[in-house]
Amino acid sequence: MQRYKCIISYDGSGFSGYQVQPNKRTVQSELEAVLAKMHKGESIKVSASGRTDAGVHAKGQVIHFDSHLPISEEKWEIALNSLLPEEISVLSVKKVESTFHARFNAIGKEYHYVLQLSKRRDPFQRNFSYLYPYELNIEAMREASCFFIGTHDFTSFCSAKTEVEDRIRTIEAIDIILDNDFLTLRFVGNGFLYNMVRILTGTLLEVGSGKRKPEEMPDLLAKRDRRLAGKTAPAQGLYLWKVFY
């Protein structure tokens, strides 16, 4: 058996998230259905660097699977792309050691959250950015984001549904980039809790709109109470951009 590492991108709009769920269309179920077809009905499990929620997109999700088929890397890419639905694209396929694991070998991730700062709804952007028609103090958002850099307990900034007990994570960078009508929040860290990026984004938006002050952020971290942080920003603005190994 040969293990393969793939980088994939997908439009999450039409999926109930990445992970397989009963009676729901997911990215993983589409991948495994195609692999089963290529393997004459044999079940081939796909492992990913992590889950993405319904409506969340990926530019550089990483998966791995094992196969006994004697196919070159180039032909794997061609075959997968010819069979997968158009919302999923395989960007690369590489042979790796059997010890490689898409999730457990990852040392960091980069997420982007995209907002459209416009008072007019763009129907072509509705699934790919969060329409935010209000004024924002972007400098205040940048000031607030600095308090999240470093190693902290991010309990206040993860979903109450989070199952992991260790909620200490390290954020290496948060960049807030304005490009015409689009505002991108770029997060880079060693790992992110469930809904963490979307809650951080929602909190920074409250700072930008004047509902919170930047200097309140250390207290939010210290209190470790999800109820005190901002709302969870909508799914459609979030992209898993890159996974680091």
Review point. Taking the side chain as C-beta and beyond, is there a heavy-atom pair between Gln236 and Ser13 under 4.5 Å?
Key: no

Nearest heavy-atom approach of Gly230 to Thr203 is N-OG1, 2.9 Å

Contacts of Lys242 meeting side chain to side chain contact (heavy atoms under 4.5 Å, CB included) (sequence neighbours excluded), chain-then-number -> Glu110, Phe244

task = Establish, yes or no, whether a centroid distance under 6.0 Å links the rings of Trp241 and Tyr113.
result = no

* To do: May I ask you to say whether Asp225 pairs ionically with Lys223, meaning some side-chain N is under 4.0 Å from a carboxylate O?
  => no

Output for pair (Leu200 CG, Ile174 CD1), nearest 0.5 Å, gives 6.0 Å

Evaluate the criterion side-chain hydrogen bond (donor to acceptor under 3.5 Å, both in side chains) for residue pair Thr162 and Ser159; output intermediate values, then yes/no.
-> CA-CA 5 Å; Thr162 301; Ser159 169; 4.8 Å; no

Heavy atoms of Ser67 and His39 approach each other most closely as OG-NE2, 2.7 Å

Discussion item. Are Leu31 and Ile8 packed together at the side-chain level, in the sense that at least one heavy-atom pair is separated by less than 4.5 angstrom?
Written reply: yes

Sorted by chain and residue number, the ring-ring contact (aromatic ring centres under 6.0 Å, His included) partners of Tyr10 (sequence neighbours excluded) come out as none

Over 60° means perpendicular and under 30° means parallel, so tell me whether Trp76 and Tyr4 are parallel, tilted or perpendicular.
tilted

Heavy-atom check, side chain of Thr151 versus side chain of Ile171, under 4.5 Å | no

Is Phe157 close to Val197 at the side-chain level, that is, under 4.5 Å between some pair of heavy atoms? no

Taken to the nearest 0.5 Å, the spacing of Met196 CE from Arg169 CZ works out to 7.5 Å

Are Phe147 and Pro218 close enough that some pair of their side-chain heavy atoms sits under 4.5 Å apart? yes

Do Leu178 and Tyr130 belong together in a cluster built from hydrophobic side chains that touch within less than 4.5 Å? yes

>> Please determine whether side-chain hydrogen bond (donor to acceptor under 3.5 Å, both in side chains) holds for the pair Gln19 and Thr26, giving the CA-CA distance in whole Å, both sets of side-chain angles, and the decisive distance to 0.1 Å.
In response: CA-CA 6 Å; Gln19 191 175 36; Thr26 69; over 6 Å; no

Task: Verdict with supporting geometry, Tyr18 and Leu240, side chain to side chain contact (heavy atoms under 4.5 Å, CB included) - done: CA-CA 11 Å; Tyr18 170 81; Leu240 171 55; over 6 Å; no

| said: I'd like to check Gln116 versus Val114 (side-chain heavy atoms, cut-off strictly below 4.5 Å). Are they in contact? | reply: no

Regarding Lys24 and the six-membered ring of Phe15, is the cationic atom NZ or CZ under 6.0 Å from the ring centre and inside 45° of its axis?
no

What one should report as the nearest heavy-atom pair of Gly60 and Ile7 is CA-CG2, 3.9 Å

Rounding to 0.5 Å, atoms CD (Glu87) and OG (Ser9) come to a distance of 11.5 Å

Salt bridge or not between Arg224 and Asp153? Use side-chain N to carboxylate O under 4.0 Å.
yes

- prompt: Is Lys5 close to His101 at the side-chain level, that is, under 4.5 Å between some pair of heavy atoms?
  reply: no

Scanning both residues in full, the closest heavy-atom pair of Ala102 with Ser47 reads CB-O, 3.8 Å

Between the CG atom in Leu238 and the CG atom in Asp53, the distance rounded to the nearest 0.5 Å is 8.5 Å

CE of Met141 to CD of Glu143, rounded to nearest 0.5 Å, is 12.5 Å

Between the CG atom in Leu228 and the CG atom in Leu220, the distance rounded to the nearest 0.5 Å is 6.5 Å

- For this output row, return yes or no: ring centroids of Tyr111 and Phe192 closer than 6.0 angstrom. yes

In one Ile/Leu/Val/Met/Phe/Trp/Tyr side-chain cluster, 4.5 Å: Phe154, Ile199 | yes

Practice task
Determine, using ring centers only, whether Tyr239 and His112 are less than 6.0 Å apart.
Solution key: no

What one should report as the nearest heavy-atom pair of Asp66 and Arg3 is OD1-NE, 2.7 Å

For Ile88 and Asn81, the nearest pair of non-hydrogen atoms, with its separation, is O-OD1, 4.3 Å

Exercise. Could you tell me whether Arg25 and Glu30 make a salt bridge, using a distance below 4.0 angstrom between a side-chain N and a carboxylate O?
Key: yes

* Does the pair Glu216/Lys213 count as a salt bridge with the N-to-O cut at 4.0 Å? -> no

